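What follows is a set of notes on a single structure, which appears directly below.
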Amino acid sequence: FVWLNMAAEGGTDALPSQEPQLRPVDITPSGGWDTFYHWLCCVCVVTFDLELGQALETVLPADYALSDAEKANICYLAFPDSNSGCMGDTQYHFRIRSSGTGMGGTGVRHTRDHYGAPAVLLPDSGHYYGFVYFRQSKDADIKRGYFQKSVVLVSRLPYINLFTYLVQKIAPEYFSSGLPSLEAACYNMNQWPHPHPGEILQLPLLGFIVQLRVPMKTDKPTQAHLISI
């Protein structure tokens with residue numbers, strides 16, 4: 001068992017980057033993505049392009065309505081500020097302002113999910129939270145000499161420890177197995193129960209189970225909030 005605090009943390013606002021070129025991927029399940037949207041808005045893959053710099057390579061689900069400014073901000077923040085010394089894997093999270101309406105959940109339309117939750121864990125309709133897993137390694141087959149890519153989980157929920165843990169599991173599998181593993185993770189999340197506070201939730205993901213309890217505002221300050229693997 002791993003006991004983690006689900007309290008929200010702050011992040012940083014973003015600066016613009018160049019216009020990304022997307023790789024379209026449509027894996028929409030027959031029932032749509034409604035359950036997925038109760039947790040995440042989308043999953044982004046950001047790579048380094050010699051002409052564009054940091055560029056958005058993939059967004060799942062493909063039809064999630066990020067604005068151009070939001071895409072540029074995610075690209076800008078998907079790599080560490082100074083990545084020349086960041087060999088290997090690096091994790092962190094950020095927060096950016098929303099500049100478009102977006103679609104899907106983890107927003108106002110799913111407020112029933114969060115009855116009884118403390119204010120710091122309510123969806124933030126004015127911001128996105130991004131949870132980054134960045135990998136940099138030497139690669140002689142790449143013109144620049146380095147492989148540089150990030151997986152970013154994007155949500156309106158400030159579940160810092162949960163999503164930090166999830167991207168730590170999802171990103172290495174993606175780097176090893178490619179896009180099908182990312183699609184599989186999205187399908188898994190589309191089967192999850194809604195994030196109701198106070199309930200112990202079983203969340204299957206890529207062959208393991210996360211057991212999560214979202215805290216309630218009536219919890220005692222010393223009460224732990226469970227994420228069990």
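Treat the numbers as computed from the prediction; the structure is a model and nothing was measured.
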- Arg97 side chain vs Gly126 backbone, donor-acceptor pair below 3.5 Å: no
- Message: Test of understanding: with side-chain contact (heavy atoms from CB on, under 4.5 Å), list the residues that count as partners of Gln191, not counting sequence neighbours.
- Response: none
- Message: Would you compute the distance between atom CZ of Phe36 and atom SG of Cys186 and round it to the nearest 0.5 angstrom?
- Response: 4.5 Å
- Query: Within a strict 4.5 Å, meaning less than it, do heavy atoms of the His93 and Phe163 side chains meet?
  - Reply: no
- Query: Can you tell me how far CG of Leu162 sits from CG of Leu203, rounded to the nearest 0.5 angstrom?
  - Reply: 7.0 Å
- Message: Less than 4.5 Å apart, side chain to side chain, heavy atoms only: is that true for Val167 and Val151?
- Response: yes
- Would you say Glu70's side chain and Ser99's backbone share a donor-acceptor pair under 3.5 angstrom? yes
- Message: Please find the pair of heavy atoms, one from Gln202 and one from Pro193, that lie closest to each other, and give the distance.
- Response: O-CD, 3.7 Å
- What closest approach, in Å, do Gln91 and Thr164 show between heavy atoms, and which atom pair accounts for it? NE2-O, 3.0 Å
- Distance (rounded to the nearest 0.5 Å) between Met189 CE and Leu205 CG: 6.0 Å
- Note on the structure: Applying side chain to side chain donor-acceptor pair (under 3.5 Å) to Ser177 and not counting sequence neighbours gives Glu173
- Task: Give the ring-plane orientation class for Trp192 versus Trp39, where under 30° counts as parallel, over 60° as perpendicular and anything between as tilted.
- Result: perpendicular
- Message: Main chain of Cys75, side chain of Gln54: is a donor-acceptor contact present, judged purely on distance under 3.5 Å?
- Response: yes
- Item | Min side-chain heavy-atom separation Cys42-Leu66 under 4.5 Å | yes
- Spacing of Met216 atom CE and Thr218 atom OG1 [to the nearest 0.5 Å]: 4.5 Å
- Message: If I take atom CG from residue Leu212 and atom CD1 from residue Ile209, how far apart are they, to the nearest 0.5 angstrom?
- Response: 12.5 Å
- Does Leu182 reach the side chain of Leu60, with side-chain heavy atoms less than 4.5 Å apart? yes
- Is there a path of hydrophobic side-chain contacts, each under 4.5 Å between heavy atoms of I, L, V, M, F, W or Y residues, that connects Ile160 with Leu122? no
- CA sep, side-chain torsions, deciding dist, call: Asn190, Trp33, side chain to side chain contact (heavy atoms under 4.5 Å, CB included): CA-CA 6 Å; Asn190 201 43; Trp33 289 107; 3.8 Å; yes
- Item | Nearest heavy-atom neighbours spanning Pro197 and Pro215 | CB-O, 3.5 Å
- Task: Could you pull out all residues at least two apart from Tyr92 that satisfy ring-ring contact (aromatic ring centres under 6.0 Å, His included)?
- Result: none
- Query: Rounded to the nearest 0.5 Å, how far does OG1 of Thr35 lie from CG of Asn188?
  - Reply: 12.5 Å
- Does the side chain of Ser155 reach to within under 4.5 Å of the side chain of Tyr128, using non-hydrogen atoms? no
- Item | Geometric class of the Tyr37/Tyr64 ring pair [parallel <30°, tilted 30-60°, perpendicular >60°] | tilted
- Query: Phe147 vs Phe175 aromatic rings, parallel, tilted or perpendicular, using cut-offs 30° and 60°?
  - Reply: perpendicular
- Query: Would you say the side chain of Leu77 lies within less than 4.5 Å of the side chain of Ile96, judging by non-hydrogen atoms?
  - Reply: yes
- Item | Minimum heavy-atom distance between Val154 and Cys44, given as atom pair plus value | CG2-SG, 4.1 Å
- Query: Does the side chain to side chain contact (heavy atoms under 4.5 Å, CB included) test come out yes or no for His114 and Leu121, once each step is laid out?
  - Reply: CA-CA 8 Å; His114 310 285; Leu121 293 180; over 6 Å; no
- Query: Under 3.5 Å, is there a donor-acceptor pair linking the side chains of Ser98 and Arg156?
  - Reply: yes
- Query: Is there side-chain contact between Ile170 and Tyr133, with at least one heavy-atom pair below 4.5 Å?
  - Reply: no
- Give a yes or no answer on whether the side chain of Asp113 reaches the backbone of His196 with a donor-acceptor pair at less than 3.5 Å. no
- Message: Using side chain to side chain contact (heavy atoms under 4.5 Å, CB included), reason through Gln136 and Lys149 one step at a time and then give a plain yes or no.
- Response: CA-CA 7 Å; Gln136 176 170 266; Lys149 191 170 287 193; over 6 Å; no
- Message: Within the structure provided, determine whether Leu157 and Tyr129 are in side-chain contact (heavy-atom separation under 4.5 Å).
- Response: no
- Message: Has Ser150 got a side-chain atom pairing as donor or acceptor with Ala78's backbone, closer than 3.5 angstrom?
- Response: yes
- Would you check, one step at a time, whether the test side chain to side chain contact (heavy atoms under 4.5 Å, CB included) holds for Val43 with Val59? CA-CA 6 Å; Val43 180; Val59 176; over 6 Å; no
